[in-house]
Amino acid sequence: MKEIRIPTLARVEGHGNITVQIAKNKVQKVLLNIPEGPRLFETLVVGKTPSEVVNIVPRICAICSVSHRYAAIRALERALEIKETKATNALRTLMHYGEMIESNSLHAYLLALPDFLGYPNAVAMVDKYAPAVLRALRLKKFGNSIMEITTARWTHGENAAVGGFGVTPSKQQLLDIKNQALALLPDAEETVELFRNLHYPTSMEEGMTFMCLKPPTEKYGFVGNSVLISTGQEAPIEDYLKLTNERVVDHSNAKRCSYNDKPFVVGALARMNLLGERLHGKAAEAFKRCYSLSWIRNPLYTNLAQVIEILFCVEQTPLLIDQILKNYDKIVTDSKIQKPGGGTGKNVGAVEAPRGTLYHYYEVSRGLVSGANMIIPTTQNLDAMETHIRVAAENLLKSAMDSTQGKKDMDLTLEMVVRAYDPCISCSVHVVNLD
Amino acid sequence: MPEKPKAGFYNLSGCSGCLLTILNCEDQILDIFNGANIVSFLMANSANIEKDLDIAFIDGSVTTDEQEEFVKELRARTKKIVCLGVCSCYGGVQAMEYEKNTWSARFKKVYGTKPPTITKPFESRPVDAFVPVDYYLPGCPIDANQFLYNYARLLRGLPVDIPKTPVCLECKWRENECLLLKNIMCLGPVTATGCNARCPSVNLPCVGCFGPADEGNLTSEFNLLKEKGFSFPEIERKLRMFGGVKFVNKFKTMWKKVKK
Amino acid sequence: MKVLKLQKRNLNSYLESLRVFGEIYGPVRKDEKYIYGQLDDLDKLDLRMLRTILPVKKFLVPPKFNTFSFEGYTYKPELEKIPRRVIFGVHPCEIHGLLILDKFFLERFPDPYYQERRKNTAILGLSCVPDEKCFAKSTGTHFVESGFDLAFNELQDFYLVWVGSSLGDDLVRLRLDLFEEDIKERDLHEYMKWRSWRDSQYKLKLDMTGMPDIMELNYNSPIWKKFGDKDLSCGACSMVCPTCPCYNVRDQLKPVGNSGERQRHWDSCMFKPFAVVAGGHNFRENRAERVKLWYTHKLKAFITEFGKPACVGCGRCIDTCPVDINIKTVVTALKGV
Amino acid sequence: MATNVYLPEPMRIVRRFNLISDVRFFQVRPLAMDRALSLDYLPGQFMIVSLPGIGEAPFSISSTPSRPGLIEFGIRNVGVLTEQLFKLKENEIIGVRGPYGNGFPISKFEKKDLIIVVGGLGAVPLRSLLLYTLDNRDRFGKIYFLYGARRPNEMLFLNEFLELKGRDDLNCLLSVDKDDTGKWTENVGVVTTLFKHLKGINPNNTYATVCGPPVMYKFVIDELLKLGIPKHQILMTLERRMHCGVGKCGHCVIGSIYTCMDGPVFSHWDVLHMKDLI
Ligand SMILES: Cc1cc2nc3c(=O)[nH]c(=O)nc-3n(C[C@H](O)[C@H](O)[C@H](O)COP(=O)(O)OP(=O)(O)OC[C@H]3O[C@@H](n4cnc5c(N)ncnc54)[C@H](O)[C@@H]3O)c2cc1C
Ligand code: SF4
Ligand code: SF4
Ligand code: SF4
């Protein structure tokens with residue numbers, strides 16, 4: 001029996017490794033191991049107030065901290081019957097765009113692109129690809145600037161709270177963001193072009209089921225209270241346990257999910273496959289130019305899906321800000337933190353994190369949280385990741401066994417598959433069983 | 001020109017927010033990579049070489065036997081270890097129940113009776129619970145400016161320099177009305193500054209994410225909060241949230257006294 | 001001194017005209033408090049202000065600024081970027097605070113940064129009516145004779161405007177048409193009536209005569225420990241006091257190259273590291289000693305040095321300290337009453 | 001505009017060598033010769049040494065204004081800035097500003113006898129006074145120089161002082177707490193054991209100057225008081241944290257005074273009167 005081991009996955013968040021066991025020239029077993037230490041967040045939030053929960057849970061993961069915060073807020077507000085005002089929703093949407101832009105450009109440019117261009121990291125690409133690197137940094141910085149003004153920090157800003165915002169961004173701050181967005185539109189478009197013209201290997205292709213939240217309007221978006229499934233069904237998020245079916249596996253500190261006993265995929269690719277038709281403007285044109293049927297089989301297109309989302313967010317930001325500024329004074333009043341309503345209740349809330357659907361569930365009893373559950377995108381994707389690794393390994397097996405180059409290609413492809421999913425390992429390690 | 005110091009960036013159990021903060025310094029990122037010879041940065045780089053280091057930056061706390069081995073091995077080949085963020089400095093949010101002896105029960109609750117066997121996990125502790133640490137840069141996450149200032153110092157062999165003063169200092173610089181005077185539980189006076197008083201500046205109380213200030217007067221803060229009608233468990237809960245192991249160790253005796 | 005009259009309705013037009021001199025600042029609301037904020041829009045001006053969170057010192061010695069940039073061993077003072085500003089609405093006690101800072105920064109070794117900012121900052125005073133935390137009458141700082149460029153005294157329908165400096169005179173000349181030069185006897189009468197009425201409005205009285213002796217006698221008093229135990233070491237009192245000038249210096253380097261900045265930022269003697277010397281010896285190890293130093297410096301040192309205390313009765317420390325350590329509680333305790 | 005008081009002046013390190021294992025002698029010179037020659041100061045004053053990117057710290061001047069052109073320091077490696085200073089070589093540039101502080105009231109010393117008492121690093125500022133009085137020998141009365149160090153290899157300027165022993169217009173008394181070399185020919189014992197050699201002191205006509213580690217002051221002052229020297233004629237130099245040297249940053253405040261401007265030289269009366277000085 002032979003083993004291919006990639007001991008530490010680089011350019012992903014957290015620690016993981018891949019083991020592919022091979023016997024008789026056939027792939028026997030694929031193990032995506034996650035040794036990252038558990039932090040037990042679901043138990044940490046027990047006994048805390050809703051506002052403390054919102055301080056704690058973003059720390060599950062920095063890269064999707066806004067999404068964690070937002071999902072927790074949605075769950076808690078639903079549990080406590082606090083109604084989200086239009087004003088608060090607008091500001092939350094803006095902050096969410098910030099995270100999408102930052103996280104997607106971090107992933108697409110700094111973590112994934114070096115593979116396609118043959119570099120160990122993005123900074124090393126500067127000599128030959130300076131414009132691309134600088135463009136990446138501009139977009140990333142822009143995403144961070146949005147989070148800075150809406151949440152008060154790039155990462156783990158506390159300004160977005162249960163019931164509203166501590167402070168509304170000033171008119172000037174909003175105008176600055178709007179102007180930056182307008183100026184960055186060409187960058188976003190060029191980004192799509194860059195990723196459209198990359199060569200996407202095909203050795204791992206295998207059809208998959210996709211899931212994402214259904215936005216409440218007819219437009220593209222990142223929140224909703226029901227889930228669309230590529231098999232044609234739709235389910236309320238209250239069914240999140242049935243949709244994800246978490247289980248513990250012994251080779252990993254991260255749990256696993258499946259739907260109808262099959263792997264499924266969440267994230268940018270899922271969103272594009274299910275909602276791409278809803279895009280408008282330049283993002284819609286980009287989608288039309290890029291989309292093909294390979295998108296339902298090849299996880300590497302996640303990268304392209306992500307950059308189309310960057311374009312979507314950059315394009316939407318000025319429109320959203322115009323809408324906020326039109327009614328600025330009312331937005332200021334209406335987005336102030338409302339006193340939390342009743343102190344008892346339970347419910348689930350979900351948002352699309354950059355990496356996919358994120359569910360938070362809380363039970364609150366007399367002002368303190370008594371139970372919690374969080375289902376994380378990376379956990380949902382792990383089975384699919386293993387499947388695509390297996391397919392790639394099987395397809396590449398022959399050449400890999402024959403030459404060192406083949407072995408290198410194999411390692412790179414397997415890593416690229418994992419990286420395409422943009423796994424967030426910190427997130428995935430900690431999940432709960434409610435008694 | 002002296003040779004550039006060899007630096008590595010490592011990540012244990014945490015949210016990676018401190019390393020992300022470094023990658024978020026878009027305007028300085030090229031300088032950051034050029035100032036040192038960065039031999040390992042798993043989160044951003046795939047050609048990593050593990051060898052002797054001048055400076056190792058660690059983000060995240062120690063929660064498994066594998067990580068414990070790793071920090072020991074890293075210590076042996078590193079001149080200066082710098083802890084980034086409250087996880088590696090003080091155990092992080094995952095250590096908020098430190099010394100309450102609830103860990104095993106909580107672990108069981110999350111992973112059930114058949115836990116994974118891949119590593120042996122335990123309750124989160126800071127890096128200095130296992131090996132000596134040279135410098136601490138607290139925060140959840142670290143502050144980019146404080147990092148850049150100290151990164152430049154470390155590259156020249158200068159020690160880390162962080163303020164020992166509480167958040168209120170920068171809070172007053174930013175002209176915020178004091179939340180304590182509005183009877184809101186603000187941890188500003190007992191929390192290390194360096195964050196530019198972000199939370200009080202958006203009308204929200206300091207949650208203590210830079211950990212305890214060395215010179216904060218916890219007894220007085222506690223008495224004040226009690227006068228304002230906050231209960232003992234509420235206050236302790238807030239202080240433990242980011243203060244973790246440092247809070248428990250530093251204030252154990254004092255805390256027992258005020259509890260009476 | 002030249003005195004002019006300005007009808008209240010003309011205030012905004014006048015202030016508007018000052019933009020040719022520089023940026024205009026004045027009291028604006030920040031939640032339930034006030035700050036000196038930039039008045040890009042004069043509608044933001046809120047003259048109900050009694051005290052701002054930070055005093056005007058923030059314009060003359062900002063909380064954080066660069067003194068030099070350096071490249072190798074060549075230092076370049078950062079004096080060029082200092083903007084020209086008009087600060088409107090500065091109350092008398094604060095102007096007295098400025099006079100103290102002037103003495104401090106401009107005599108013996110003039111500080112070029114203060115000097116330059118002072119020169120570029122036009123101080124437009126405004127009369128006020130005290131609340132229960134003001135005691136400027138006790139400190140003799142409720143009227144001003146100097147330290148300002150213009151001082152506005154608010155009466156029923158108009159301001160009596162004192163011209164206090166040559167710059168003030170230039171500023172008046174920008175819109176001489178708005179001012180009236182002949183002060184009627186009626187006006188004088190109204191002013192005198194207002195003066196004595198205002199005098200009667202000071203509820204808080206803090207007699208500070210003899211403070212150096214009283215401080216001396218209290219050198220070993222147990223009150224210092226009592227305050228020390230409560231003190232949070234948060235430094236807020238020093239930040240908000242118009243006469244606290246202490247600062248710290250640190251050098252900021254860039255990750256690569258040998259350039260950077262020498263930065264100055266506000267410090268406080270209430271912080272423990274303030275008096276630590278190399279080797280770790282701390283001359284004021286405990287809080288009680290540090291509280292004592294703060295008040296010794298305000299109430300004794302300054303009187304010895306400049307003939308009056310470094311307290312101008314603004315009430316900021318009373319309004320700020322979360323644990324009620326302030327000039328009122330300390331002076332009261334020192335006097336044992 | 002007037003010159004910026006905070007602006008460090010570039011000076012070249014002319015010579016540097018170790019006085020003892022952790023104290024290094026630095027001889028520096030302003031880049032321009034006319035400036036070098038016109039730089040005037042008093043014994044007991046200090047200057048602030050500045051390294052860009054590292055910071056600034058005060059150091060006593062050890063040279064004498066009677067020999068213009070070169071400024072000398074004796075610097076102990078104790079921390080961040082001093083460690084970087086130790087890395088510099090001859091011909092490199094440092095920033096220096098000053099002189100600051102009151103210095104010794106030399107004019108009051110005229111025609112008077114002088115007892116200079118030194119412990120450890122205190123030799124740095126008092127060497128300036130000693131050399132100054134020797135260069136202007138006829139203006140002063142009898143001069144006693146009492147220097148105590150812990151061991152022979154901890155005595156600064158040892159050879160220079162041993163040489164001075166040959167002079168008949170100076171009473172140079174050296175002592176170590178403990179001789180671990182076996183070659184020490186001078187006194188053994190704490191510095192106060194040297195006082196027995198002071199004979200026929202006319203206290204009212206005598207000034208004493210003291211500088212050394214904090215523990216030393218009390219014992220030395222007791223001896224001086226026993227000799228009957230008036231409190232205002234016993235002078236000492238003190239140390240405090242300083243960031244500006246010009247009475248602005250506030251770190252050196254003691255009660256009512258700024259050590260950097262009102263000191264660092266104080267009389268024993270000041271100390272009794274003002275409290276907290278030592
Ligand atoms: C009037 C005066 C004269 C002095 N003369 C001498 C001398 O001749 N030889 C000598 O070796 N030392 C002398 N010192 C002490 C010298 O200033 C300190 O050793 C020096 O500041 C240490 O700096 P560092 O950065 O190496 O030490 P660190 O301990 O790293 O200092 C850290 C910081 O603390 C501050 N600091 C610490 N100690 C002092 C201090 N005493 N004064 C001001 N700031 C301080 C500095 O700003 C420094 O940046 C004198 C001090 C004073 C006040
Ligand atoms: S609001 Fe909080 S941080 Fe600010 S001064 Fe008050 S206690 Fe300190
Ligand atoms: S006296 Fe009050 S305001 Fe001043 S440092 Fe102490 S607690 Fe803070
Ligand atoms: S001591 Fe208090 S009242 Fe006096 S000037 Fe300072 S802040 Fe104002």
Side-chain angles (χ1 to χ4, degrees), chain B residues 1 4 25 28-36 145 147-156 158 161 163-183 186 188-191 193 196 201 203 213-225 227-228, chain C residues 28-37 52-55 58 62-64 227-241 244 248 250-261 263 265-268 270-274 276 282 286-287 290 316 319-325:
Chain B
M1 192 65 200
K4 286 181 195 171
C25 298
Q28 296 89 1
I29 190 80
L30 300 179
D31 276 357
I32 292 173
F33 273 78
N34 286 334
N145 287 325
F147 170 77
L148 290 167
Y149 168 63
N150 282 295
Y151 187 64
R153 288 174 66 87
L154 287 162
L155 296 186
R156 288 161 179 84
L158 301 175
D161 172 33
K164 291 194 165 68
T165 45
V167 175
C168 306
L169 173 75
E170 290 182 311
C171 185
K172 284 282 100 54
W173 292 0
R174 296 191 66 177
E175 290 207 84
N176 300 317
E177 178 175 7
C178 180
L179 295 164
L180 281 174
L181 296 174
K182 295 203 232 171
N183 296 327
C186 184
V190 290
T191 301
T193 196
N196 204 8
S201 302
N203 288 334
D214 281 336
E215 305 310 339
N217 187 344
L218 203 58
T219 317
S220 176
E221 166 92 355
F222 174 79
N223 289 334
L224 179 69
L225 292 176
E227 263 169 46
K228 293 188 186 293
Chain C
V28 300
R29 230 182 141 80
K30 180 166 180 183
D31 302 318
E32 283 148 54
K33 299 268 170 184
Y34 292 88
I35 62 169
Y36 290 109
T52 50
I53 296 179
L54 289 181
K58 77 170 183 182
K64 208 153 99 177
F227 284 122
D229 285 346
K230 266 177 100 177
D231 167 33
L232 294 165
S233 298
C234 75
C237 49
S238 315
M239 302 303 127
V240 303
C241 180
C244 271
N248 224 325
R250 65 176 197 177
D251 282 13
Q252 296 262 9
L253 281 160
K254 308 239 151 57
V256 284
N258 53 2
S259 64
E261 286 101 32
Q263 197 181 67
H265 58 81
W266 290 358
D267 199 358
S268 166
M270 299 301 269
F271 297 143
K272 189 165 173 183
F274 192 78
V276 176
N282 191 343
N286 54 55
R287 291 195 176 84
R290 302 199 290 270
R316 280 189 177 78
D319 205 33
T320 301
C321 176
V323 292
D324 241 7
I325 304 174

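Proteins come first, then strands; the chains are lettered A, B, ... in the order of their sequence lines, and each starts at number 1.
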So which of Leu169(B), Leu180(B), Leu155(B) has the biggest tally of heavy-atom pairs under 4.5 Å with chain C? Leu169(B)
Under 4.5 Å from any heavy atom of chain B - which part of Lys254(C): backbone
Between Lys164(B) (side chain only) and Pro273(C) (backbone N and O only), is there a donor and an acceptor less than 3.5 Å apart? no
Rounded distance [0.5 Å steps], CE in Met239(C) versus SG in Cys168(B): 10.0 Å
With rounding to the nearest 0.5 angstrom, report the CG to CG distance, Leu253(C) to Leu154(B). 11.5 Å
Do Glu177(B) and Glu32(C) have side-chain heavy atoms sitting under 4.5 Å apart? yes
Asp251(C) versus chain B, the contacting section by heavy-atom distance below 4.5 Å: backbone
Between Asp231(C) and chain B, with a heavy-atom cut-off of 4.5 Å, which part of the residue counts as in contact: side chain, backbone, both or neither? backbone
Heavy-atom contact with chain C under 4.5 Å, split by part of Tyr151(B): side chain
So which of Pro63(C), Ser238(C), Ser233(C), Cys321(C) has the biggest tally of heavy-atom pairs under 4.5 Å with chain B? Pro63(C)
Please flag which part of Asp214(B) lies under 4.5 Å from any non-hydrogen atom of chain C: side chain, backbone, both or neither. neither
Can you name the closest pair of heavy atoms from Pro166(B) and Cys234(C) and give their distance? CG-CA, 3.8 Å
Among the options Glu175(B), Lys182(B), Glu170(B), pick out the one with the most heavy-atom pairs lying under 4.5 Å from chain C. Glu175(B)
Chi angles and distances behind the side chain to side chain contact (heavy atoms under 4.5 Å, CB included) call for Thr320(C), Lys172(B): CA-CA 10 Å; Thr320(C) 301; Lys172(B) 284 282 100 54; 4.2 Å; yes
Where Val256(C) and Asn34(B) come nearest, the two heavy atoms and their spacing: CG1-C, 4.0 Å
On a heavy-atom basis, which atom in Trp173(B) and which in Trp266(C) lie closest, and how many Å separate them? CZ2-O, 3.3 Å
For the pair Gln252(C) and Leu148(B), evaluate side chain to side chain contact (heavy atoms under 4.5 Å, CB included) and give the outcome as yes or no after the intermediate values. CA-CA 9 Å; Gln252(C) 296 262 9; Leu148(B) 290 167; over 6 Å; no
Asn217(B) and Lys230(C) side chains, donor-acceptor separation under 3.5 Å: no
Identify the two heavy atoms, one from Leu224(B) and one from Pro322(C), that lie closest to each other, and give their separation to 0.1 Å. CD1-O, 3.5 Å
Counting heavy-atom pairs under 4.5 angstrom with chain C, the leader among Thr193(B), Val190(B), Asn176(B), Asp161(B) is Asn176(B)
